[in-house]
Amino acid sequence: MRTPLLAGTAVLATLGLAACSSGSGSGGSDDGTIVWDMWSGSQSDTDALNETLEIVKKENPDVDVRLQTAPWNDYFTKLTTNMSSGNLACITSMNGQRLSTYADAFEPLTDADLETAGLSKDDFAPGALDIMTYDGKLLGVPYDVATMLVYYNKDLIEAAGAPEPAIGWSFDDFEATAKGATTDANAGFAVGLGEFQWMALPIAQSGKQPVDESGALALTDPDFVAASQWYSGLVTDQKVALPAASASDTGWGENQYSGGNAAMAVDGTWNAVTYLGNDAGFEAGMVDLPTGENGSTSLVLGSGYGIAKGCEDKETALKVLGSLVGKDAQDAMATSGRSYPARAESQPLYFESLDESVRDDVKAAFDAAFADVEGQRSTKNWDQVNTALQPNLVSVYNGQAEMTDVLDQTQQQFGQ
């Protein structure tokens, strides 16, 4: 799963958390430099980050700001190591889906802190601040927002004579399209292995997150279990999706879709531009998640920046933070089409960056998908939960294990 730069849940190509520390191990640098640690998956990503850095420097001419990047695969290992040594960069980037695991790294932000940064909570789109909030504390500010969509191959669906997905559709409609688009040559749907690539539809159908409102793991909630069984049954019972090849193919469903082998797949809004310009050459469409008896629960996802605990010059770091998510930086990100900005006034520019032929359709899908999102709940060991689940999903899709058993075993292992 690879996406345009800064895409919320997934392009995350990591953060090298080396160092903005003095001999005391705090988060500020002894030479007055404010270090910004961010992930980057390619040279083009780094070039875009440097463009943002120039905006930050222009707005803070008296501050020495230094960008550090590293690939995503190393990110959490380095973050864990640097948390242990107190060697975090003053401005540390964080994926909201993993914030709970690393919450102790960040300084909670008050309204006064936001004011110092030149920011207001009203600057951000509804629900955006949930991305960087954990245990009732605002631990940073988001730079992008994302949610999950159903992407579909218009060419395959038309050729099969299946009903085309439409905004506001139901789970019955989803099944009709999946069945109608399944042929000897192509699957009607591609199941996912990634965290929300597979969980999104069970959450939407059940109206339940796998973590309850108290913050406890709830993989065995009866409604979530039933919806998860339905989801795996798309492979084993309804035969509208193929089993995943292996646990190492973490982007199985997305790759099946982008390769033109499946008519539909679930993925984040961060991949909209990628799918519209897919290498397979098919015409891509996108809609919100279907609605069931319990409505359609969708989560707001994304990434942001926080101030590391122990940062020696918090006031200056806050000013840099304010520029990173300020109007000029967010406008530049939106105009490039790299990601959907968290700042509300910048969001229209994202759609203006798209080709006129798809602009209205993408905006309609985004508007529907973000209409009633709720913040993701997660546990301190959420990363471990998903790491344990992923290989077992392959066994479920292959008929070698039952979804109920996998969820129960994972709940017993991590639900304490």
(message) Using a strict threshold of under 4.0 Å (side-chain N to carboxylate O), is an ion pair present between Arg377 and Asp212?
(response) no
(message) Quick check on Glu115: does its CD atom have over 12 non-hydrogen neighbours (other residues, nucleotides or ligands) under 6.0 Å away?
(response) no
(request) For Tyr152 and Glu164, test the side chains for any donor-to-acceptor distance below 3.5 angstrom and give the result as yes or no. (result) yes
(request) Say whether, by atom type as modelled, one donor and one acceptor occur between the side chain of Asp123 and the main chain of Leu119 under 3.5 angstrom. (result) no
(message) Looking at Asp367 and Lys363, is any side-chain nitrogen of the basic one under 4.0 Å from a carboxylate oxygen of the acidic one?
(response) yes
(request) For the pair Asp221 (side chain) and Phe224 (backbone), establish whether a donor and an acceptor sit closer than 3.5 Å, ignoring hydrogens and angles. (result) yes
(message) If you take the centroid of each ring, where Trp contributes its six-membered ring, are Phe189 and Tyr257 closer together than 6.0 Å?
(response) no
(request) Please check if any side-chain donor atom of Asp173 sits under 3.5 Å from a side-chain acceptor atom of Ser170, or the reverse. (result) yes
(request) Take atom NZ of Lys154 as the centre, draw a 6.0 Å sphere, and report whether it contains more than 12 heavy atoms from other residues, nucleotides or ligands. (result) yes
(request) Answer yes or no: does atom CD of Glu213 have more than 12 heavy-atom neighbours from other residues, nucleotides or ligands under 6.0 Å? (result) no
(message) Any salt bridge linking Asp144 with Arg338? Criterion: basic side-chain nitrogen under 4.0 Å from a carboxylate oxygen.
(response) no
(message) Can a side-chain donor-acceptor contact be found between Tyr275 and Asp267 if the only test is distance below 3.5 angstrom?
(response) yes
(request) Report yes or no: does Thr177 contribute a side-chain atom to a donor-acceptor pair with the main-chain N or O of Pro163 at less than 3.5 Å? (result) yes
(message) Check whether Tyr151 reaches the backbone of Leu276 with its side chain - one donor and one acceptor, N or O, closer than 3.5 Å.
(response) no
(message) Using ring centroids (six-membered ring only for Trp), state whether Trp382 and Phe414 fall under 6.0 Å.
(response) no
(request) Using modelled atom types only, decide if a donor and an acceptor are shared between the side chain of Ser395 and the backbone of Ala401 within a distance under 3.5 Å. (result) no
(message) More than 12 heavy atoms of other residues, nucleotides or ligands under 6.0 Å from CD of Glu374: yes or no?
(response) yes
(request) Check whether any side-chain N or O of Glu107 sits under 3.5 Å from a backbone N or O of Lys309 as a donor-acceptor pair, and report yes or no. (result) no
(request) Could you tell me whether the side chain of Ser120 reaches within less than 4.5 Å of the side chain of Leu114, counting heavy atoms only? (result) no
(message) Under 4.0 Å between a side-chain nitrogen and a carboxylate oxygen: does that hold for Lys121 and Asp111?
(response) yes
(message) Within the 4.5 Å heavy-atom criterion, are Leu109 and Ile307 side-chain neighbours or not?
(response) yes
(request) State whether a side-chain donor-acceptor pair under 3.5 Å links Asn50 with Glu54. (result) no
(message) If you define the side chain from C-beta out and look only at heavy atoms, does anything of Thr147 sit under 4.5 Å from Val300?
(response) no
(request) Assess the side chains of Thr46 and Ser40: does a donor N or O sit below 3.5 Å from an acceptor N or O? (result) yes
(request) Flag the pair Asp37 and Arg66 as a salt bridge only when some basic side-chain nitrogen lies within less than 4.0 angstrom of an acidic carboxylate oxygen. (result) no
(message) With a 6.0 Å cut-off (strictly less than), is the heavy-atom count around CG of Asp372, excluding the residue itself, greater than 12?
(response) no
(request) Compute the ring centroids of Tyr143 and Tyr340, then answer whether they are less than 6.0 Å apart. (result) no
(message) Within the 3.5 Å criterion, strictly below it, is a donor on Asp113 or Thr110 matched to an acceptor on the partner's side chain?
(response) yes
(message) Is the shortest side-chain heavy-atom distance between Leu129 and Pro142 below 4.5 Å?
(response) yes
(request) Please report the closest heavy-atom contact between Gly192 and Leu393, naming both atoms and the distance. (result) O-CD1, 4.4 Å
(request) Output yes when a side-chain donor or acceptor of Gln256 lies under 3.5 Å from a complementary backbone atom of Ala262, and no otherwise. (result) no
(request) Check whether any side-chain heavy atom of Thr80 sits under 4.5 Å from a side-chain heavy atom of Tyr102, and report yes or no. (result) yes
(request) Please answer whether the main-chain N or O of Lys208 pairs with a side-chain N or O of Ser206 as donor and acceptor at a distance below 3.5 Å. (result) yes
(message) Donor-acceptor check, side chain of Glu254 to backbone of Ala265, threshold 3.5 angstrom: yes or no?
(response) no
(request) Check whether any side-chain heavy atom of Met83 lies under 4.5 Å from a side-chain heavy atom of Asp104, and answer yes or no. (result) yes
(message) Can you confirm whether Thr116 sits close enough to Glu315 that some side-chain heavy atom of one is under 4.5 Å from a side-chain heavy atom of the other?
(response) yes
(request) Decide if atom CD of Gln400 counts as having more than 12 heavy atoms of other residues, nucleotides or ligands within a radius under 6.0 Å. (result) yes
(request) For the residue pair Glu175 and Trp230, confirm or rule out a side-chain donor-acceptor distance under 3.5 Å. (result) yes
(request) For the pair Trp169 (side chain) and Asp288 (backbone), establish whether a donor and an acceptor sit closer than 3.5 Å, ignoring hydrogens and angles. (result) yes
(message) If we count only N and O atoms by modelled type, under 3.5 Å, do the side chains of Ser323 and Glu59 hold a donor and an acceptor together?
(response) yes
(request) Taking atom types as modelled, find out whether Glu195 and Gln390 have a side-chain donor-acceptor pair closer than 3.5 angstrom. (result) no
